[in-house]
4 protein chains.
Amino acid sequence: MIQTDKFHEECGIVGVYGNPDAANLVYLGLYALQHRGQEASGIVTHDGKIFYQEKGTGLVADVFRAKKLGALRGSVSIGHNRYSTSGTLANVQPLMGSSSHGTIAMAHNGNLVNAVSLREELEVEGAVFQSTVDSEVILHLLARSSGNTLIERISHGLSKVRGAYSLLFLAQEGLIGVRDPHGVRPLLLGKLKEGYVLASESCVFDLIEAELIRDIEPGEVVKIDENGVTSYKPFPKSMPTAQCVFEFVYFARPDSVIFSQSVCDVRKRLGWELAKEAPVDADIVIAVPDSGVLAALGFAEVAKIPYDVGLIRNHYVGRTFIEPKESIRHFGVRVKLNAIKSVLQGKRVVVVDDSIVRGTTSQKIVKMIRAAGAKEIHVRVSSPPILSPCFYGIDTPTREELVASSQSVEEIRKRLTADSLQYLSVDGMFRAVYKNTSGSNKDFCAACFTEQYPIALDEQKSHQFSLFDNLISSDKVK
Amino acid sequence: MIQTDKFHEECGIVGVYGNPDAANLVYLGLYALQHRGQEASGIVTHDGKIFYQEKGTGLVADVFRAKKLGALRGSVSIGHNRYSTSGTLANVQPLMGSSSHGTIAMAHNGNLVNAVSLREELEVEGAVFQSTVDSEVILHLLARSSGNTLIERISHGLSKVRGAYSLLFLAQEGLIGVRDPHGVRPLLLGKLKEGYVLASESCVFDLIEAELIRDIEPGEVVKIDENGVTSYKPFPKSMPTAQCVFEFVYFARPDSVIFSQSVCDVRKRLGWELAKEAPVDADIVIAVPDSGVLAALGFAEVAKIPYDVGLIRNHYVGRTFIEPKESIRHFGVRVKLNAIKSVLQGKRVVVVDDSIVRGTTSQKIVKMIRAAGAKEIHVRVSSPPILSPCFYGIDTPTREELVASSQSVEEIRKRLTADSLQYLSVDGMFRAVYKNTSGSNKDFCAACFTEQYPIALDEQKSHQFSLFDNLISSDKVK
Amino acid sequence: MIQTDKFHEECGIVGVYGNPDAANLVYLGLYALQHRGQEASGIVTHDGKIFYQEKGTGLVADVFRAKKLGALRGSVSIGHNRYSTSGTLANVQPLMGSSSHGTIAMAHNGNLVNAVSLREELEVEGAVFQSTVDSEVILHLLARSSGNTLIERISHGLSKVRGAYSLLFLAQEGLIGVRDPHGVRPLLLGKLKEGYVLASESCVFDLIEAELIRDIEPGEVVKIDENGVTSYKPFPKSMPTAQCVFEFVYFARPDSVIFSQSVCDVRKRLGWELAKEAPVDADIVIAVPDSGVLAALGFAEVAKIPYDVGLIRNHYVGRTFIEPKESIRHFGVRVKLNAIKSVLQGKRVVVVDDSIVRGTTSQKIVKMIRAAGAKEIHVRVSSPPILSPCFYGIDTPTREELVASSQSVEEIRKRLTADSLQYLSVDGMFRAVYKNTSGSNKDFCAACFTEQYPIALDEQKSHQFSLFDNLISSDKVK
Amino acid sequence: MIQTDKFHEECGIVGVYGNPDAANLVYLGLYALQHRGQEASGIVTHDGKIFYQEKGTGLVADVFRAKKLGALRGSVSIGHNRYSTSGTLANVQPLMGSSSHGTIAMAHNGNLVNAVSLREELEVEGAVFQSTVDSEVILHLLARSSGNTLIERISHGLSKVRGAYSLLFLAQEGLIGVRDPHGVRPLLLGKLKEGYVLASESCVFDLIEAELIRDIEPGEVVKIDENGVTSYKPFPKSMPTAQCVFEFVYFARPDSVIFSQSVCDVRKRLGWELAKEAPVDADIVIAVPDSGVLAALGFAEVAKIPYDVGLIRNHYVGRTFIEPKESIRHFGVRVKLNAIKSVLQGKRVVVVDDSIVRGTTSQKIVKMIRAAGAKEIHVRVSSPPILSPCFYGIDTPTREELVASSQSVEEIRKRLTADSLQYLSVDGMFRAVYKNTSGSNKDFCAACFTEQYPIALDEQKSHQFSLFDNLISSDKVK
């Protein structure tokens with residue numbers, strides 16, 4: 001039930017303070033957050049004197065072998081999972097830097113929108129950058145910040161930064177967690193039997209037997225040290241909250257609580273609203289596993305059509321699948337999914353998916369269901385059409401690749417060869433999120449569905465990453 | 001929806017004849033069969049002159065890298081997946097041997113019950129064994145067989161063998177498939193656009209776009225060569241059919257058709273019968289994912305209780321998980337499964353699982369559901385209590401480890417701390433399998449539930465593997 | 001001073017009996033014998049009950065990691081180094097087999113000349129071969145041998161075998177060493193403080209602090225068990241001794257004693273004789289390092305010309321050197337060797353090499369010396385022209401590739417662009433070996449120089465390996 | 001003849017400009033320079049737009065696989081070999097940094113003595129350091145330098161740096177080579193058929209068929225771009241030349257020309273002077289291979305005692321040797337070296353070594369020669385006693401570990417159990433270096449022998465590296 005491949009959140013982050021097994025707990029936390037970034041990960045610990053670091057590309061279990069984990073000593077630790085198709089090991093977080101304020105390690109979930117101009121300014125002042133990730137500007141801003149305390153330096157440094165950032169810092173002073181003033185990405189505080197934990201999602205707490213205390217609030221900075229948890233609110237209060245609604249739609253694990261709600265519940269309600277908005281006369285409701293299952297259950301419940309399992313997912317499919325030769329290729333979807341003939345044969349089928357990106361996978365799924373004998377195929381999508389990319393930390397394709405940016409619903413339906421296709425409306429989505437009937441939104445970013453970006457984008461934005469990527473381009477580490 | 005870790009079938013096998021991409025297709029087939037054995041695999045091909053071989057331990061995608069797969073030339077190929085916790089690379093199948101009849105490669109799914117005595121006899125006659133797998137005796141019997149044709153030699157050689165065996169042979173003469181006279185393990189024939197395929201389950205055919213023709217029949221030998229498919233029935237007809245019912249209960253993929261039935265359909269009917277036999281007043285029905293989902297759906301349907309998702313499975317969990325330190329261990333189940341509080345809170349919950357082996361995992365699941373706030377927990381198992389090990393190819397624990405071999409249902413319920421526990425009856429299981437009301441069985445082996453073994457076991461059986469394992473014990477290949 | 005790449009002995013073997021560190025000592029012994037075979041190695045141990053095995057391709061230090069070595073328990077062990085450019089892991093020795101006489105492990109140095117016909121006979125009798133190495137026939141002969149004791153079975157089994165074989169067996173009965181009746185390959189017995197050691201060369205004894213006792217004699221079988229060392233002479237006495245003279249010329253380490261003589265001393269005497277036969281007026285004598293150094297020193301001593309270092313060898317060159325692109329290739333020799341201009345400039349140089357195989361390397365060396373400014377270059381070779389391949393265990397090129405098989409010395413000189421070229425005569429070689437003036441030979445095989453093969457070759461000999469190699473051809477293990 | 005393990009130069013560097021195979025040529029150059037640093041290496045190339053980078057730990061041939069080398073596009077390239085027992089991949093050079101002046105890559109051979117204070121100053125100004133190597137300060141100084149051209153910025157930046165540095169820079173502007181004003185480490189310019197090459201030693205030029213043009217002079221900066229080679233002399237002229245004499249004694253390859261002399265010639269003359277200063281009545285002169293061979297030849301020549309080979313070196317010994325168990329350990333030296341009894345038996349032996357560091361290896365060698373039957377053992381060392389560590393780029397042990405820092409020659413002799421021991425005098429060393437009779441020195445640093453350091457050391461020097469190493473301490477990359 002954990003999505004694996006539709007598109008990608010940039011990162012998951014975990015920090016532990018005050019536990020002798022800090023590295024082990026962070027490792028388990030990263031394990032639980034692999035759906036947020038599974039291509040590279042790193043852990044830094046501190047034992048009061050020395051920082052220890054392990055980084056690598058690959059799944060968490062491949063990066064950290066027993067021996068290595070044991071070498072990460074100390075009772076404070078932060079870790080980071082990253083989705084990344086390119087870049088050097090220098091880009092794998094946590095980033096570390098040494099400055100006149102000492103050494104600091106940092107893990108960042110989100111994306112900065114003024115990183116290019118900040119980087120240019122810093123370079124003019126003599127800064128030397130060693131990675132191509134936007135997050136590195138924060139390290140330099142902190143090094144140049146004149147505050148007397150780490151909290152002052154963080155507050156001052158971040159005051160120049162614009163964009164989405166949930167951050168963890170590990171320094172001599174303790175463990176610090178930050179959520180940007182808009183609160184785009186989640187970050188939660190939990191209590192361990194011994195010590196504290198900060199993480200992107202509450203599923204981490206369930207795994208390591210921590211108790212969920214609360215969300216870090218938008219614009220809040222928390223410091224965890226020997227005096228416990230101290231909260232700071234250093235940012236101006238005027239900024240609107242803009243939590244990412246797509247975390248509910250697709251990214252977060254359904255067993256997580258984020259933004260003060262159960263992801264599972266929201267998804268089911270998305271199915272409810274979808275069934276109300278887009279009813280259809282059919283024999284069964286099936287899901288595109290795993291991400292569509294909860295909305296499909298919700299849809300079935302309201303539509304009073306039996307839920308069934310019509311598609312099977314093969315979870316042995318890893319990232320290293322060898323694409324076969326030309327003559328037998330295009331196996332991508334079928335290696336992952338298979339249709340069950342005995343379920344679908346002769347049926348009028350509602351297929352619920354959480355979203356449609358390029359449309360190619362959906363098309364293959366419809367064909368697969370058709371080949372299995374379905375009489376009618378009604379595609380229902382539990383979110384609105386994706387019109388525009390995310391610039392706040394989700395690796396969406398370009399606008400050109402998003403099928404809904406240029407095609408009408410009817411055009412997409414034809415492309416999918418479905419008998420009908422309906423998306424959930426934006427209002428319907430917010431009715432589900434807010435559990436009310438108004439469908440109005442005040443706390444969420446839904447820019448990918450509405451093209452209304454709550455954090456202003458720099459003009460040069462679209463060139464940002466290609467510029468950075470030119471700096472260093474090889475040095476992949478196996 | 002594909003089970004990964006409860007217990008283990010020994011093997012999955014695939015063979016392709018007459019396709020220029022034979023190795024690639026076998027590779028895809030092994031990919032689809034990893035639930036039958038995921039710790040080692042091998043592929044052999046033949047290009048009319050030379051045999052090519054790749055073997056290794058690990059997941060299919062790790063064993064076969066693009067380059068290697070390309071080196072496996074030829075239009076005929078067989079492959080094998082193996083579950084194995086010990087043994088040398090020499091034990092990884094397909095086994096190959098060279099004799100006066102030429103070179104032959106063999107892949108075996110199942111387990112022989114007279115391998116020890118056969119091996120002893122063969123050794124007295126001068127045979128030299130180089131692996132510790134029971135299957136190797138077949139290579140030696142074939143080498144000593146006096147038949148004029150490969151089919152005669154196979155028929156003659158196998159006449160001495162007793163046990164469960166679905167076999168693939170690759171030789172100069174072509175591709176041969178064999179199913180033992182009892183038909184314990186499945187083996188199916190499919191038609192590719194170009195050429196033929198033999199495989200343990202029909203899900204292989206779906207993936208490589210082959211058309212399912214039929215089961216190889218118990219006791220049937222098929223030879224596929226330039227003349228097409230030829231069928232032989234060399235074994236005496238008196239032997240009773242004894243297809244493994246556990247393939248339906250747990251092993252086979254739900255999207256497969258085996259023993260002429262959809263596995264998905266059988267599993268749902270197991271849920272129906274369970275709901276009839278063991279009704280309970282409850283608020284929701286949840287499954288232990290992934291293997292319990294279909295029976296849970298069936299249960300919910302008959303019981304008219306809503307099906308819901310109460311447990312989430314993390315599919316990123318691989319075999320290399322590092323068990324953390326003593327102080328935070330026992331994470332095994334929670335790394336894989338998590339309970340959703342918002343679903344379970346205050347509910348009377350029916351939890352459907354396909355089977356209970358040692359009881360330890362079930363106990364942890366019950367506790368996890370209880371901790372998530374469930375008011376009542378009613379465990380329902382869609383198969384009868386497992387009383388006794390399998391000797392025909394499934395890696396069950398010893399009788400001592402099987403919780404139901406020594407404890408009553410009530411004792412197990414207490415151990416699980418469940419409010420109620422009920423298993424499906426043997427009759428109920430067969431009503432589901434046969435879609436009738438009698439519950440009588442004539443074609444299946446259910447020895448693990450009934451202790452009635454259809455193929456006589458040798459007395460020394462229990463010592464067999466420890467004897468073999470002493471021969472060679474290290475030499476694991478990474 | 002240890003040759004690395006000219007051509008290759010097939011193997012080095014070591015066995016230890018009665019020492020608690022048996023595997024470690026065998027490992028060290030294999031380390032010392034890597035010049036005899038550096039592409040694959042294996043160790044088997046026995047702890048009285050269980051056999052332990054590790055095998056792999058690559059250098060000894062890569063195959064055996066600390067952890068693995070620790071897993072090889074027991075006080076008896078045998079090991080094997082192999083040079084091999086092809087073949088499966090099944091071909092890496094020690095070979096193991098299980099028969100009615102129990103399990104046995106075997107390591108073989110040498111080459112059998114009737115392996116093809118023996119294999120055919122054995123296969124007709126029902127034997128199944130699982131490797132493509134000639135040595136496997138011995139395992140089958142032993143399994144079929146009717147003797148009451150292991151020594152009887154070995155004696156009886158080997159009576160059918162013809163060729164070169166120094167063998168080690170590890171069985172329940174103890175450690176057995178065998179040298180073939182002709183004594184082609186060396187095998188020596190040493191005494192450890194605790195236990196005994198058998199090895200291909202005495203340099204093993206120096207490393208592990210064993211005392212050299214004596215050569216195992218041609219045709220001798222020794223058994224080492226709790227009763228100490230027992231000697232057997234099971235073979236007919238009429239066979240002529242034919243020790244490989246090339247072990248002195250090139251293969252053995254100069255610090256070894258084999259065939260009762262110091263290799264270093266023989267090599268220096270080869271230089272003496274060469275200086276007497278082929279004097280030249282020159283300024284300096286240099287060697288092609290490392291294998292030509294001792295003969296060069298001997299030459300310089302007799303010729304009364306100063307020895308100098310004119311060529312430097314880069315020992316960092318491993319097997320994994322990446323051949324650069326077309327435009328800058330042919331770096332092979334220069335990566336390994338470099339000429340010192342300040343030594344060679346304006347000099348008349350005698351270059352001493354131990355042998356010339358294809359002539360291509362020698363040609364490059366002459367050109368390199370010429371480019372460094374040498375005025376005259378006189379190549380002197382401390383062995384006769386190689387006319388014919390070895391069939392007794394050295395991996396010589398085919399006759400066609402041996403430059404001296406088709407070209408006169410003068411033609412070779414022109415090809416090398418040397419000012420003069422002279423080889424040592426066969427008589428000169430034997431004067432050096434026997435320290436006398438006659439030059440007559442009675443104990444050595446010099447077939448590669450004389451084309452007189454002391455062990456008759458089967459007619460089909462030349463097809464032998466290609467036949468075997470067709471059986472299995474991929475499955476290389478990293 | 002290339003030393004491998006006595007102690008370690010920090011680095012070797014190679015740069016190529018204007019050749020389409022730049023990365024391949026740099027790779028070959030690094031291959032030739034592995035004696036200067038064999039534990040990590042990196043290559044950076046530039047194709048006019050993009051920088052490409054590969055780094056890794058291990059031997060050159062292990063770091064760069066064919067595929068990777070091909071990915072390093074462009075006609076300009078620099079590479080670096082490093083000896084290092086600790087540190088993160090971030091410490092592997094070439095270092096890269098991006099600043100307002102663009103991206104630059106840098107490779108450094110040598111060691112800075114004011115890196116700690118410079119780093120502190122830079123950090124106060126806001127610099128963020130990401131490695132723990134002293135060289136990184138140079139990147140920051142350049143980024144802060146206000147010069148208009150790269151040469152001005154390099155000149156200005158380096159004006160603050162004190163210590164030993166031969167540097168290569170790769171930037172948009174071209175390839176830059178720098179040798180510090182003292183000229184401690186070598187750096188030479190060569191001409192390729194197409195393009196230019198800069199390297200630490202001339203052996204690189206021999207390998208890639210470049211012509212040696214000249215040394216880069218102390219204090220010289222050369223820029224190579226489309227206008228050819230331009231020379232700059234930006235540093236004050238008053239600084240004394242202080243070339244490392246130990247490059248002649250031990251480090252450089254004997255086939256190299258550095259500091260305008262053949263290393264081979266200097267070494268032989270060291271032997272001459274040693275024979276004059278420390279004559280002895282003996283039967284043979286042997287070398288400790290490989291580094292002592294040339295001095296031994298020189299000694300033998302002057303002493304008129306025959307040179308012989310008494311110790312054999314096993315070149316298969318790699319870095320991964322497994323130290324056996326306690327009971328059989330201390331094999332270190334014997335795995336590498338073995339004595340030849342037939343040469344040494346009954347002889348009075350002069351053993352020539354290039355230097356003695358801790359004395360432990362020498363002691364084992366003397367014992368080994370004694371055990372081989374030598375009657376007398378006279379150790380002669382072709383350099384003076386090492387009294388003090390190097391702070392300019394050689395990884396010498398601490399003063400406490402240097403046997404000659406606290407013990408007299410007679411005490412060392414006793415420790416070695418040699419019959420006599422004599423070192424070359426400092427004057428004798430300089431007579432050999434200058435080919436004259438005065439023994440006076442004006443161009444070389446001999447601080448390790450004389451304790452007179454030509455570049456002033458900071459007081460805190462001894463704490464420098466431990467300070468740095470605390471910053472980051474794990475993250476080793478396999």
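Numbers restart at 1 for each chain; the letters A, B, ... are given by sequence-line order, proteins then strands.
The shortest non-hydrogen separation linking D/A143 to A/V128 is CB-CG2, 3.3 Å.
Taking a 6.0 Å sphere around CZ of D/R73, one finds it holds 12 or fewer heavy atoms contributed by other residues, nucleotides or ligands. Annotation for A/R144: atom CZ counts as buried by contact number, over 12 foreign heavy atoms lying within 6.0 Å.
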- Query: Please walk me through it: do A/E123 and D/S98 pass side-chain contact (heavy atoms from CB on, under 4.5 Å)?
  - Reply: CA-CA 8 Å; A/E123 286 184 347; D/S98 171; 2.9 Å; yes
- Query: Are A/Q130 and D/E136 close enough, and set up right, to give a side-chain contact (heavy atoms from CB on, under 4.5 Å), and what steps lead you there?
  - Reply: CA-CA 11 Å; A/Q130 304 220 11; D/E136 193 185 342; 2.8 Å; yes
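Considering OG of D/S99 and CZ of A/R119, their distance stands at 10.0 Å, rounded to 0.5 Å.
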